[in-house]
Structures are given as structure tokens and as C-alpha cells.
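Source: prediction; values computed, not measured.
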Amino acid sequence: MNGATFSNLEILVIGDIMLDRYLWGKVGRISPEAPVPIVKIERSSETLGGAGNVALNLACLGCKATIVGLYGPDSTAQSLRNLLSQKGIVDRLVQDDMRPTITKTRVMAQKQQMLRLDEESTHALTEGTADKVRAAISDALTTCQAVILSDYGKGLFASEDFVQEIIQTALRQGKPVLVDPKGADWRRYRSASGVTPNTAELEAVAGISLESS
């Protein structure tokens with residue numbers, strides 16, 4: 001397919017969006033306080049992670065990408081939403097006051113990752129937040145041609161009933177649903193048009209090693 005073909009597509013991504021933050025530096029010595037390296041930070045960078053990266057890849061292909069996900073009542077949320085705007089991704093995120101914006105901060109030095117700091121909460125949605133997500137999805141479904149569920153196990157898809165509601169609503173409107181799954185229990189994804197696991201995810205569900213089969 002060429003860019004002109006992709007430009008005619010509008011894809012709705014629903015999932016666990018996160019901010020990937022990188023702190024780049026150099027290690028010059030070991031801390032006198034504990035046997036750990038001291039990283040002198042020289043620069044930082046931020047990019048879209050999780051479901052945000054899925055939407056970004058679609059946008060890079062020329063699709064019109066829309067994303068529905070969650071963010072918290074914190075300053076990180078603005079960084080996340082600014083990145084979506086810069087990349088031309090339609091932002092239909094919903095604020096959840098009960099969780100932080102998911103952030104993965106990686107400390108990089110000597111061409112390797114020294115440390116990762118995770119800020120997240122993985123509890124299921126409250127009914128109030130679920131209603132807001134339903135409304136955002138309902139609005140986005142009116143113009144999209146397909147839906148991708150991008151599950152990173154961070155709480156958005158914790159309820160099987162809620163996942164089924166999303167899938168059935170999209171299918172009734174003639175919108176195919178593709179799932180990027182998480183975990184070994186895929187019952188929540190039943191009736192989806194397709195599931196796209198990586199090798200490790202498929203092995204976990206099948207209970208066998210693909211290399212030995």
C-alpha cells in the first residue's frame with residue numbers, strides 16, 4: 001500500500017497510553033553512599049509509549065489516528081497531550097483522578113539502560129471513568145474505519161464485561177476490531193476480528209514453546 005491509500009484510513013486506538021521519558025548521561029564514579037553508579041544527566045527526551053506508540057506508528061504510515069485512553073491529574077499529562085498534538089494524533093483521552101499518567105522513566109548511560117522508574121496504577125476503572133471512556137469511544141466510532149485495542153495490562157481493560165462492550169459496540173457498527181493482547185487469558189477478547197500477539201504472548205496462551213514445536 002502507498003501513503004495515499006493509508007491517508008484514506010481513520011483508525012481508532014483504545015488502550016493504555018504512556019509517556020516514555022529518557023534521561024541520558026554518563027557514569028563517572030560510584031556513589032559513596034551506596035554501591036551504585038552516579039549518572040550525570042546531560043539531556044532528556046520524551047516519546048509516546050504503549051498505545052500511544054501504536055497510534056504514532058499509524059500516523060507515520062499516513063493514517064488519521066485517534067486515541068482513547070487515560071491520563072492522571074498531573075503535569076506529565078500535558079507533556080503526553082502535547083506529543084499527541086505534535087504528531088497529529090486526535091486526542092480523546094479521559095482524565096482519571098484516581099491514577100497517575102503512566103510514565104516510564106529510563107536512565108541511560110554508557111549505551112545501556114541503568115534504571116527504569118515506573119509511575120502507574122493498574123486498578124480497574126470506576127464506573128464514572130468508564131462512562132467517560134464510553135462517551136469518548138462512541139464519538140470516535142462515528143468516523144473511524146477500524147479499531148485497535150492496545151492492552152498493556154494497566155487497568156483500562158481489567159473488566160471483561162467492559163472489553164466485550166467495546167468490541168460488540170464496534171462490530172455492530174461494522175468496524176473490525178484488532179487486539180494487541182496482554183496476559184494468558186484471552187476470553188475478554190472473544191468476538192474480536194483478530195488478535196496480534198508476539199511470540200511470548202502466543203506461547204503463554206498456548207502453553208508450549210514454539211521453538212520446540
Taking only distance into account, with no hydrogens and no angle test, what donor-acceptor pairs under 3.5 Å do side-chain atoms of residues 175-185 form with protein atoms, sequence neighbours excluded?
unit_1 : atom_1 : unit_2 : atom_2 : d
Lys175 : NZ     : Leu141 : O      : 2.3
Lys175 : NZ     : Cys144 : O      : 3.0
Asp185 : OD1    : Arg187 : N      : 3.1
Asp185 : OD1    : Arg187 : NE     : 3.0
Asp185 : OD2    : Arg187 : NE     : 3.3
Asp185 : OD2    : Arg187 : NH2    : 2.8

message: How about CE on Met98, more than 12 heavy atoms from neighbouring residues, nucleotides or ligands closer than 6.0 Å, or not?
response: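 No, not enclosed.
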Looking at every non-hydrogen atom in both residues, tell me the closest pair between [X] and [Y] and how far apart they are.
| X | Y | value |
| --- | --- | --- |
| Ala170 | Val147 | CB-CG2, 4.1 Å |
| Ala65 | Ala59 | CB-N, 4.4 Å |
| Ala109 | Val27 | CB-CG2, 3.8 Å |

Applying the 4.5 Å side-chain criterion to the ILVMFWY set and letting contacts propagate, would [X] and [Y] be lumped into a single cluster?
| X | Y | answer |
| --- | --- | --- |
| Ile148 | Met18 | no |
| Leu149 | Trp186 | yes |
| Val195 | Leu12 | yes |
| Val90 | Leu93 | no |
| Val68 | Leu171 | yes |

message: Does either side chain, that of Thr126 or that of Thr129, offer a donor lying less than 3.5 Å from an acceptor on the other one?
response: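 Yes.
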task: Scan side-chain atoms only and decide if Asn82 and Gln78 contain a donor-acceptor pair under the 3.5 Å cut-off.
output: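 Indeed, the side chains of Asn82 and Gln78 share at least one donor-acceptor pair under 3.5 Å.
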message: Taking Glu10's backbone N and O only, do any of them form a donor-acceptor pair with Gln145's side chain (distance below 3.5 Å, no angle check)?
response: yes
message: For Leu125, is there any backbone N or O sitting under 3.5 Å from a side-chain donor or acceptor partner on Glu127?
response: no
Distance (rounded to the nearest 0.5 Å) between [X] [atom1] and [Y] [atom2]:
| X | Y | atom1 | atom2 | result |
| --- | --- | --- | --- | --- |
| Ile167 | Ser191 | CD1 | OG | 7.0 Å |
| Leu58 | Leu9 | CG | CG | 9.0 Å |
| Arg81 | Ile89 | CZ | CD1 | 13.0 Å |
| Ile11 | Leu61 | CD1 | CG | 10.0 Å |
| Asp91 | Thr66 | CG | OG1 | 9.5 Å |
| Ile67 | Ser150 | CD1 | OG | 7.5 Å |

Those residues that, when tested against Asp139, pass side-chain contact (heavy atoms from CB on, under 4.5 Å) (two or more places apart):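 Asp139: side-chain contact (heavy atoms from CB on, under 4.5 Å) contacts with Arg92.
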message: Test of understanding: with side-chain contact (heavy atoms from CB on, under 4.5 Å), list the residues that count as partners of Arg106, not counting sequence neighbours.
response: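 By the side-chain contact (heavy atoms from CB on, under 4.5 Å) rule, Arg106 matches Asp20, Tyr22, Lys104, Met108, Gln113, Arg116.
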field: Non-neighbouring partners of Asp131 that pass salt bridge (charged side-chain N to carboxylate O under 4.0 Å, His left out), sequence neighbours left out
entry: Arg134
With Asp96 via salt bridge (charged side-chain N to carboxylate O under 4.0 Å, His left out) - residues at least two apart: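 Asp96: salt bridge (charged side-chain N to carboxylate O under 4.0 Å, His left out) contacts with Arg99.
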message: Listing request: all salt bridge (Lys or Arg N to Asp or Glu O under 4.0 Å) pairs with a residue in residues 25-39, at least two apart in sequence or in separate chains.
response: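 Not a single pair qualifies under salt bridge (Lys or Arg N to Asp or Glu O under 4.0 Å).
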side-chain contact (heavy atoms from CB on, under 4.5 Å) evaluation trace for Leu19 with Leu83: CA-CA 9 Å; Leu19 181 71; Leu83 284 171; 3.5 Å; yes
- request: Please identify each residue that fulfils side chain to side chain donor-acceptor pair (under 3.5 Å) with Thr101, with sequence neighbours left out.
  value: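 Here the qualifying residues are Asp74.
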Under 3.5 Å donor-acceptor pairs involving side-chain atoms of residues 152-163, not counting sequence neighbours:
unit_1 : atom_1 : unit_2 : atom_2 : d
Lys154 : NZ     : Glu120 : OE1    : 3.0
Lys154 : NZ     : Glu120 : OE2    : 3.3
Ser159 : OG     : Asp161 : N      : 3.4
Ser159 : OG     : Phe162 : N      : 3.2
Glu160 : OE2    : Arg190 : NH1    : 2.5

List, one per line, each side-chain donor-acceptor pair under 3.5 Å for residues 36-47, sequence neighbours excluded.
unit_1 : atom_1 : unit_2 : atom_2 : d
Ser45  : OG     : Trp24  : NE1    : 3.0
Glu46  : OE2    : Arg21  : NE     : 2.8
Glu46  : OE2    : Arg21  : NH2    : 2.9

- prompt: Would you say Cys63 and Ser7 make side-chain contact, with heavy atoms under 4.5 Å?
  reply: no
- request: With the side chain counted from C-beta on, respond yes when Leu56 and Leu84 share a heavy-atom pair under 4.5 Å apart, and no when they do not.
  value: no
Please, which pairs that meet ring-ring contact (aromatic ring centres under 6.0 Å, His included) have at least one residue in [range], sequence neighbours excluded?
| range | result |
| --- | --- |
| residues 43-69 | none |
| residues 52-79 | none |
| residues 94-124 | none |

task: Check step by step if side-chain contact (heavy atoms from CB on, under 4.5 Å) holds for Leu23 and Thr105.
output: CA-CA 7 Å; Leu23 303 177; Thr105 301; 4.0 Å; yes
task: Decide side-chain contact (heavy atoms from CB on, under 4.5 Å) for Ile17 and Ile102; before the verdict, give the C-alpha distance in whole Å, the side-chain angles of both, and the deciding distance to 0.1 Å.
output: CA-CA 7 Å; Ile17 188 171; Ile102 302 173; over 6 Å; no
